[in-house]
Amino acid sequence: MSMAMAEASRIMLHSTLVPCFSPRTHVGHRHLSVSGKHQIHCSVSASGVTQASVPWGCDIDSLENASALQRWLSESGLPPQKMGIERVDVGERGLVAFKNIRKGEKLLFVPPSLVITPNSEWSCPEAGEVLKRNSVPDWPLLATYLISEASLMESSRWSHYISALPRQPYSLLYWSQAELDRYLEASQIRERAIERINNVIGTYNDLRLRIFSKYPDLFPDEVFDIESFKWSFGILFSRLVRLPSMDGKVALVPWADMLNHSCDVETFLDYDKTSKGIVFTTDRPYQPGEQVFISYGKKSNGELLLSYGFVPKEGANPSDSVELSLSLKKSDASYKEKLELLKKYGLSA
């Protein structure tokens, strides 16, 4: 997404997000191990070394495909908008008001027909049927769906959307073990990042062993490889939303996922049953030329880094927090009193 993207509100899947089918599978790709100012974005790697990328999408700050995306969305049922995609100071790309927007105004109105969900129709229906017969969970199913549609290029109805997605999303999935150990030293986010990377690798290895290898015509190795899955899961981590008013359904919402996060905003995406579209309600007015924001949730800097690949300016996040590990010895003369005190304030030891 630009800086991170529209996963707003939604109660995103938390740290152990990717469901591995079978923890025993470790085919072909090594797992990582757990060893001991301005907004920061984390792209290909922490060191800035360029890595292999997928052949679709665009540069993360590019507007080259924005006009084609907006035109396709309008032709496909998106109503007239008060915002457009532009380069911005916070997030590289974002939605900027070109008309006055009032506080309390509903915006977007993205119809369900323009939303990608686990029930979306596949351009290659045989591939979708194989995954569904094997009861693949929503996250790996959507990750595979994105790759399948992206590989079809213009043959996919989502080609304009995918061409506007970043070719290399900001994601800790691209960090090496050494980079995680160096830049996240003493942070509990390091362990969660390693767990997430291993979950993605494990999920890919399991799909490859149980499904892809048995249907090579539907899932060729040169398309459905680990780099493609890093890309698709990076897109899901930073852009997938959970919509409470649609029974908690997870979805990718084109156009809405161009909205960037602000720690000062408390408005989220959801399905509006009256208008039958995905909307958010502004909690402040915007003047023409101002970037419009939503909230990705009340998350610490570490959680924002983990899912979206960015960290707000120092001191800008009122929801920032640090996890501390506490332990008590039962031999402590004041053990019971200390334990009760911890429980009183909602802490555990």
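Note that the structure is predicted; figures quoted are calculated from it, not measured. Numbers here simply count residues along the sequence, with the first being 1.
- One N or O on the side chain of Ser228 and one on the backbone of Val223 form a donor-acceptor pair closer than 3.5 Å.
- Across Leu207 and Thr144, no two heavy atoms sit closer than the pair CD1-OG1, 3.9 Å.
- The shortest side-chain heavy-atom distance between Pro285 and Arg102 does not fall under the 4.5 Å cut-off.
- With a 6.0 Å cutoff to the six-membered ring centre and a 45° limit on the axis angle, Arg208 does not count as a cation-pi contact of Phe224.
- Counting non-hydrogen atoms of other residues, nucleotides and ligands closer than 6.0 Å to CZ of Arg133 gives a total above 12.
- Annotation for Cys263 and Ala316: closest pair CB-O, 3.3 Å, computed over non-hydrogen atoms.
- When hydrophobic clusters are built by joining Ile, Leu, Val, Met, Phe, Trp and Tyr residues whose side-chain heavy atoms come closer than 4.5 Å, directly or via intermediates, Leu114 is grouped together with Leu236.
- Side-chain contact between Tyr161 and Pro254 is present, with heavy atoms from C-beta onward closer than 4.5 Å.
- Across all their heavy atoms, Ile147 and Trp56 have their closest contact at CG2-CH2, 4.2 Å.
- If you check the side chains of Asn199 and Glu195, you find no donor sitting under 3.5 Å from an acceptor.
- The two residues Gly84 and Trp255 come nearest to each other via the heavy atoms CA-CH2, 4.0 Å.
- Hydrophobic clustering of Ile, Leu, Val, Met, Phe, Trp and Tyr side chains at less than 4.5 Å, counting indirect connections, keeps Val279 apart from Val110.
- At a cut-off of 3.5 Å, with distance as the only test, a side-chain donor of Glu92 or Tyr170 sits close to an acceptor on the other residue.
- Between Phe310 and Tyr296, the ring planes are perpendicular. Angles over 60° get that label, and only those under 30° would be called parallel.
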Item to complete: Evaluate the side chain to side chain contact (heavy atoms under 4.5 Å, CB included) criterion for residues Leu95 and Gln291: first the C-alpha distance (whole Å), next the side-chain angles of each, then the deciding distance (0.1 Å), finally the verdict.
Response: CA-CA 6 Å; Leu95 293 186; Gln291 183 177 182; over 6 Å; no
Worksheet item: side chain to side chain contact (heavy atoms under 4.5 Å, CB included) between Leu180 and Ile197: does it pass, once the steps are laid out?
Response: CA-CA 11 Å; Leu180 291 167; Ile197 293 168; 3.7 Å; yes
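- In terms of modelled atom types and a separation under 3.5 Å, the side chain of Glu303 and the main chain of Ser300 share a donor-acceptor contact.
- Rounded to the nearest 0.5 angstrom, Trp231 CH2 and Asp225 CG are separated by 12.0 Å.
- Atom CD of Glu266 has 12 or fewer heavy atoms from other residues, nucleotides or ligands within 6.0 Å.
- Asn100 places a side-chain heavy atom less than 4.5 Å from the side chain of Gln287.
- The structure places OG of Ser307 at 9.0 Å from CG of Leu172, a figure rounded to the nearest 0.5 Å.
- Between the CD atom in Glu86 and the CE atom in Met258 there is a gap of 13.0 Å [rounded to 0.5 Å].
- A distance of 10.5 Å separates CD of Gln177 from CD of Glu179, quoted to the nearest 0.5 Å.
- Not a single donor-acceptor pair under 3.5 Å links the side chain of Ser171 to the backbone N or O of Tyr174.
- Taking NZ from Lys299 and OH from Tyr308, the interatomic distance works out to 4.5 Å, rounded to the nearest 0.5 Å.
- Counting heavy atoms from C-beta outward, Gln81 and Pro79 have side chains that approach closer than 4.5 Å.
- Ile116 and Phe109 end up in different hydrophobic clusters when Ile, Leu, Val, Met, Phe, Trp and Tyr side chains are linked at under 4.5 Å.
- Arg87 places no side-chain N or O within 3.5 Å of a backbone atom of Arg93 that could act as its donor or acceptor partner.
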Worksheet item: Taking it one step at a time, do Asn317 and Leu304 satisfy side chain to side chain contact (heavy atoms under 4.5 Å, CB included)?
Response: CA-CA 10 Å; Asn317 184 6; Leu304 291 170; 3.9 Å; yes
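- Tested against Phe280 for a side chain to side chain contact (heavy atoms under 4.5 Å, CB included), the candidates Asp270, Val292, Val265 yield a single pass: Val292.
- In this structure, a donor-acceptor pair under 3.5 Å is absent between the side chains of Asp206 and Thr203.
- Environment of CD in Glu337: crowded, with over 12 heavy atoms of neighbouring residues, nucleotides or ligands closer than 6.0 Å.
- Pairs passing the salt bridge (charged side-chain N to carboxylate O under 4.0 Å, His left out) check and including a residue from residues 281-293, sequence neighbours excluded, do not occur.
- When all heavy atoms of Ser123 and Ser155 are compared, the closest pair comes out as OG-O, 4.2 Å.
- Environment of NZ in Lys132: crowded, with over 12 heavy atoms of neighbouring residues, nucleotides or ligands closer than 6.0 Å.
- The closest side-chain donor-acceptor pair between Trp158 and Tyr145 falls under 3.5 angstrom.
- Atoms NZ and OG1, on Lys249 and Thr117 in that order, are 4.5 Å from each other to the nearest 0.5 Å.
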Under 3.5 Å, sequence neighbours excluded: what are the donor-acceptor pairs made by side chains of residues 65-75?
from, atom 1, to, atom 2, distance (Å)
Asn65, ND2, Ser163, O, 2.6
Trp72, NE1, Ser76, OG, 3.3
Ser74, OG, Gln70, O, 3.0

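- Formation of a donor-acceptor pair under 3.5 Å by the Ser156 side chain with backbone atoms of Met153 is not found in this model.
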Worksheet item: What do the steps show when you test Leu131 against Trp122 for side chain to side chain contact (heavy atoms under 4.5 Å, CB included), and what is the final call?
Response: CA-CA 11 Å; Leu131 295 190; Trp122 291 60; 3.4 Å; yes
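- No continuous path of hydrophobic side-chain contacts links Ile235 to Leu152 [ILVMFWY only; heavy atoms under 4.5 Å].
- Comment: Lys82 engages Glu105 in a salt bridge, judged by a side-chain N to carboxylate O separation of less than 4.0 angstrom.
- Using a 4.5 Å heavy-atom threshold, the side chains of Lys230 and Tyr204 count as separate.
- A heavy-atom distance below 4.5 Å is found between the side chains of Cys124 and Leu218.
- Of all the heavy atoms in Leu184 and Trp175, the pair that sits closest is CG-CZ3, 4.0 Å.
- Inter-residue side-chain proximity for Lys276 and Tyr271 is flagged as met; some heavy-atom pair is nearer than 4.5 Å.
- Classification of the Phe233-Phe229 ring pair by plane angle, with boundaries at 30° and 60°, yields tilted.
- Atom CZ of Arg182 has 12 or fewer heavy atoms from other residues, nucleotides or ligands within 6.0 Å.
- Note: the hydrophobic cluster containing Tyr215 also contains Val136 (ILVMFWY, side chain heavy atoms under 4.5 Å, direct or indirect links).
- No side-chain donor-acceptor contact under 3.5 Å links Thr281 to the backbone of Gly104.
- Counting heavy atoms from C-beta outward, Val322 and Gln188 have side chains that stay 4.5 Å or more apart.
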